[in-house]
Engineer: 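Could you have a look at this structure, given as structure tokens, before my questions?
Computed from a predicted structure; not experimentally measured.
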There are 2 protein chains.
Amino acid sequence: MNPTSLADKLIKQHIRPSYQRIKILEYLLDNRIHPTADQIFNAVHAHIPTLSKSTVYNTLNVFMEANLVRAVIIDGNEVRYDINGEEHGHFQCESCGRIYDSYMNIDALNADDLNDFAIKDKNVYFKGICPQCRQNRN
Amino acid sequence: MNPTSLADKLIKQHIRPSYQRIKILEYLLDNRIHPTADQIFNAVHAHIPTLSKSTVYNTLNVFMEANLVRAVIIDGNEVRYDINGEEHGHFQCESCGRIYDSYMNIDALNADDLNDFAIKDKNVYFKGICPQCRQNRN
DNA sequence: TTTTGTTATGTAATCATTATAATTTTATAT
DNA sequence: ATATAAAATTATAATGATTACATAACAAAA
């Protein structure tokens with residue numbers, strides 16, 4: 001995606017398209033690995049030597065406010081960020097730590113005991129061992 | 001539950017029933033609020049003045065190893081602990097932070113794209129506003 | 001070009017959790 | 001019982017992700 005359309009994507013969400021924000025957005029779109037803030041920082045820092053980690057966190061929070069990205073919280077210790085806007089769940093491999101997308105039927109979940117609750121967000125994640133790690137027997 | 005049966009519950013899981021562990025187990029069984037480690041510490045510390053926070057964390061990790069408790073990770077910043085052994089999901093209120101149990105049909109979720117994955121654990125949580133907070137309009 | 005608001009940066013602070021080492025308690029064996 | 005070994009508890013320090021804060025750079029508008 002070219003810089004202009006990246007900027008447009010931000011403007012559409014009422015986010016001022018600074019160079020840093022564009023580069024972070026670009027990284028997220030090109031690397032659908034549910035990266036941590038640290039991974040994002042390291043990758044984008046290679047292109048913007050003056051980039052600060054604060055900017056990464058600020059930007060991610062701005063993106064989340066605008067529903068451009070969503071926090072994936074599976075590990076208790078670090079948040080991972082997902083730019084995939086489609087409704088989907090996740091699978092985390094307990095061996096390699098990788099997080100996979102899974103397009104499961106989340107709407108099939110019915111919770112009768114939550115009838116009086118205003119549900120705004122549904123999150124599903126599975127844990128286990130991914131095919132690669134099963135093969136490697138670890 | 002009396003102390004003996006609490007001890008038995010631990011012994012059954014091959015956990016040595018120390019006084020601290022029994023008291024922490026008792027707290028978890030009597031307070032089904034998905035407490036944080038800090039909440040557990042504060043409550044049990046009132047009964048055991050010498051209790052250390054390390055012991056709380058150690059104990060919780062031991063309990064988790066034995067599948068006696070499960071970590072509920074919804075907020076990114078703190079882990080909450082659940083002694084409810086039945087399969088169930090959670091609802092966290094974005095206003096008051098409380099976590100509610102919900103006995104939803106998690107097995108109805110089918111993820112065809114995970115056929116080659118060994119699924120060991122399924123987690124579901126919803127977010128939104130609970131009835132009390134809806135009433136209070138906050 | 002001044003003024004004003006927004007964004008970025010760097011550093012310090014926060015806070016949950018883990019690591020470590022020393023002490024205490026419990027179990028085992030002589 | 002007593003000595004020895006193993007396990008659990010404690011206190012403190014370390015870690016590490018995230019946020020707070022103050023300052024600097026930047027962009028927009030008058």
Engineer: Could you tell me whether A/D116 and B/R134 have a side-chain N and a carboxylate O separated by less than 4.0 Å?
Structural biologist: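 No, no charged N to carboxylate O under 4.0 Å.
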
Engineer: What is the distance from CZ of A/F41 to C1' of C/dT11, rounded to the nearest Å?
Structural biologist: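 Taking CZ of A/F41 and C1' of C/dT11, I get 13 Å after rounding.
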
Engineer: Do we see a donor-acceptor contact under 3.5 Å between the side chains of B/H34 and B/D101?
Structural biologist: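 Judged by distance alone, the side chains do pair up.
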
Engineer: Answer yes if the side chains of A/Y100 and A/R98 hold a donor-acceptor pair under 3.5 Å, and no otherwise.
Structural biologist: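 Present: a donor and an acceptor within the cut-off.
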
Engineer: Any idea which heavy atoms bring B/V79 and A/G76 closest together, and the distance?
Structural biologist: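 So the two residues come closest at CG2-CA, 4.5 Å.
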
Engineer: On DNA chain C, does the nearest nucleotide to B/R80 precede the nearest nucleotide to B/N58 from the 5' side, or the other way round? Give the residue.
Structural biologist: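 Nearest nucleotide further toward 5': that of B/R80.
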
Engineer: Quick one: A/E78 CD to D/dA17 P, roughly how many Å, whole number?
Structural biologist: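 So the two atoms are 6 Å apart, to the nearest Å.
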
Engineer: Find the distance B/Y19:OH to C/dT24:C1' and express it as a whole number of Å.
Structural biologist: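 B/Y19 atom OH is separated from C/dT24 atom C1' by 17 Å.
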
Engineer: Can you check whether B/S52 has a side-chain N or O nearer than 4.0 Å to OP1 or OP2 of D/dT9?
Structural biologist: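 Answer no for this pair, as no side-chain N or O of B/S52 is under 4.0 Å from OP1 or OP2.
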
Engineer: Taking NZ from A/K53 and P from C/dT11, how many angstroms apart are they, rounded to a whole number?
Structural biologist: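 One finds 14 Å between P of C/dT11 and NZ of A/K53, rounded.
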
Engineer: How long is the line joining NZ of A/K23 and C1' of C/dA8, in whole Å?
Structural biologist: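 In whole Å, C/dA8 C1' and A/K23 NZ are 17 Å from each other.
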
Engineer: Taking for each residue the nucleotide of DNA chain D bearing the nearest heavy atom, is the 5' side occupied by B/S54 or by A/N61?
Structural biologist: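 That would be B/S54.
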
Engineer: Looking across every strand, which nucleic acid part, if any, lies under 4.0 Å from B/N77 by heavy atom: base, sugar-phosphate, or nothing?
Structural biologist: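 Contact class for B/N77: sugar-phosphate only.
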
Engineer: Between atom CD1 in B/I73 and atom C1' in D/dA17, what is the gap in whole Å?
Structural biologist: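 The distance from CD1 of B/I73 to C1' of D/dA17 comes to 15 Å, rounded to the nearest Å.
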
Engineer: Please determine whether a side-chain nitrogen or oxygen atom of B/Q20 lies at a distance below 4.0 Å from atom OP1 or OP2 of D/dT10.
Structural biologist: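 Result: yes.
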
Engineer: Between P on C/dA16 and OH on B/Y81, what's the gap in Å once rounded to a whole number?
Structural biologist: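 In whole Å, C/dA16 P lies 12 Å from B/Y81 OH.
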
Engineer: Please collect all salt bridge (charged side-chain N to carboxylate O under 4.0 Å, His left out) contacts where either partner lies in residues 60-75 of chain A, sequence neighbours excluded, each pair once.
Structural biologist: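 Passing the test, one end in residues 60-75 of chain A: A/R70-A/D121.
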
Engineer: So what does B/D75 touch, heavy atoms closer than 4.0 Å: a base, only the sugar-phosphate, or nothing?
Structural biologist: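 Result for B/D75 = nothing.
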
Engineer: At less than 3.5 Å, do the side-chain atoms of B/S18 and the base atoms of D/dA8 form a donor-acceptor pair?
Structural biologist: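 Per atom types, no contact qualifies.
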
Engineer: What contact category does B/T50 fall into here, base, sugar-phosphate, or nothing, at under 4.0 angstrom with non-hydrogen atoms?
Structural biologist: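 It contacts sugar-phosphate atoms only.
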
Engineer: Output the single nucleotide from D/dA17, C/dT17, C/dT7 whose closest atom is nearest the side chain of A/R16.
Structural biologist: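 Ranking D/dA17, C/dT17, C/dT7 by closest atom to the A/R16 side chain puts C/dT7 first.
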
Engineer: Grab the CZ-C1' distance between A/R21 and D/dC26 for me, whole Å please.
Structural biologist: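 Spelled out: CZ on A/R21 to C1' on D/dC26 is 12 Å.
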
Engineer: Counting only side-chain N and O atoms of A/Y57, is one of them less than 4.0 Å from OP1 or OP2 of D/dT19?
Structural biologist: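 For A/Y57, the contact criterion (side-chain N or O under 4.0 Å from OP1 or OP2 of D/dT19) is not met.
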
